[in-house]
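Here is the structure we will look at.
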Amino acid sequence: MKLQIDNLSKSYGDRKVLDIDALTIKSGLITGITGPNGCGKSTLLNIISGLDDEFSGRITYNNQSLNSKITENMTYVFQKPYLFKRSVYENIAYPLKLRKISLKEIDKRVVSIIKAFEIEDLKDKRADRLSGGESQKVALARGMVFEPDLLLLDEPTSNIDPDSIGIMEREILNFNKNRNSTIIIVTHSIGQSERLCDDVIYLEQGRVVYR
């Protein structure tokens, strides 16, 4: 999914937090958004996702304005994920049930992605009782399981152990390679952006400084 951003402006009162003249996010690539705290990274992701519609300017998705079909084919994985008070399996299966996928196909996909994320031992555990790193792996698996065209990630590996980071980064790369989905990842880590991203956008005071 290709994104085109034009004349985007976002303010909180008198403080302008985003001021982007033009920005293209290429289809099928992993694009990183980085920059100092408060530069507008998460705000930009919220606007792209449709969670924040109080801005001026225009964003198109494959040359279309945001609509229900586009929304159904994107997902947003937050830095602090919210998981249902149900099993890990049920949490991951949820977006597939929403899309009325057959039970047989749901089971196939969920079992496969649980194995890929190396969380088989968590399958039947209550998701709201997991550790931070476990929760983030489950949230990313849930975001990927229905194979969205646009995957938005806000600091998905912050404050977790190196082994879990390695697993999550591997699966992000595999997902992009196998699905050719567009992935946008907000990260503070220069190393992570170098490992994962085809393109990097650097924001400073709401403006694109370089990419």
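For L51, the CG atom is densely surrounded, since the number of other residues' heavy atoms within 6.0 Å is greater than 12.
Between G143 and T75, the closest heavy-atom pair is O-CG2, 3.2 Å. Here the closest non-hydrogen pair linking S49 and L152 is CB-CD1, 3.5 Å.
Counting only distance, with no hydrogens or angles, the side chain of E134 and the backbone of S131 share a donor-acceptor pair below 3.5 Å. Put simply, the side chain of N7 never gets that close to the backbone of G57: no donor and acceptor are under 3.5 Å apart. Checking side-chain atoms of R86 against main-chain N and O of N91 turns up no donor-acceptor pair under 3.5 Å. Side chain of T182 to main chain of L150: no donor-acceptor pair is present (N/O by atom type, distance under 3.5 Å, no hydrogens or angles). Using modelled atom types, one side-chain atom of N178 and one backbone atom of N174 make a donor-acceptor pair closer than 3.5 Å. A donor-acceptor pair is defined here as one N or O able to donate and one able to accept, closer than 3.5 Å; such a pair exists between the side chain of K41 and the backbone of P36. Between the side chain of N180 and the backbone N or O of N176, no donor-acceptor pair lies under 3.5 Å. Checked by atom type and distance alone, the side chain of S11 never pairs as donor or acceptor with a backbone atom of G13 at under 3.5 Å. Side chain of T71 to backbone of N67: a donor-acceptor contact under 3.5 angstrom is found.
Note: L196 CG to I183 CD1 = 8.5 Å, rounded to the nearest 0.5 Å. Here CD1 of I190 is found 11.0 Å from CZ of R195. Values are rounded to the nearest 0.5 Å.
A donor and an acceptor atom, one from each side chain of E105 and S102, are nowhere located under 3.5 Å apart. Residues D161 and S164 bring a donor and an acceptor atom of their side chains to less than 3.5 Å of each other. Using modelled atom types and a 3.5 Å distance limit, the side chains of D124 and S87 yield no donor-acceptor pair. Looking only at atom types and distance, the side chain of S181 has no donor-acceptor partner in the side chain of E147 under 3.5 Å away.
A side chain to side chain contact (heavy atoms under 4.5 Å, CB included) with D149 holds for exactly one of E72, M74, M1; it is M1.
Sorted by first then second residue, the ring-ring contact (aromatic ring centres under 6.0 Å, His included) pairs that include residues 26-80, not counting sequence neighbours, are Y76-F78.
Looking at K115 and E120, no side-chain N of the basic residue comes within less than 4.0 Å of a carboxylate O on the acidic one, giving no salt bridge. Comment: K10 engages D52 in a salt bridge, judged by a side-chain N to carboxylate O separation of less than 4.0 angstrom. Taking 4.0 Å as the cut-off between side-chain N and carboxylate O, R207 and D19 count as a salt-bridged pair.
The side-chain contact (heavy atoms from CB on, under 4.5 Å) search around S158 returns Q79, Q136, E155, not counting sequence neighbours. Taking Y89 as the reference, nothing meets the ring-ring contact (aromatic ring centres under 6.0 Å, His included) condition, with sequence neighbours excluded.
F84 carries R142 over the face of its six-membered ring, with the cationic atom under 6.0 Å from the centre and within 45° of the normal.
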Exercise. Apply side chain to side chain contact (heavy atoms under 4.5 Å, CB included) to E118 and D163, showing your working.
Key: CA-CA 11 Å; E118 302 180 24; D163 287 343; over 6 Å; no
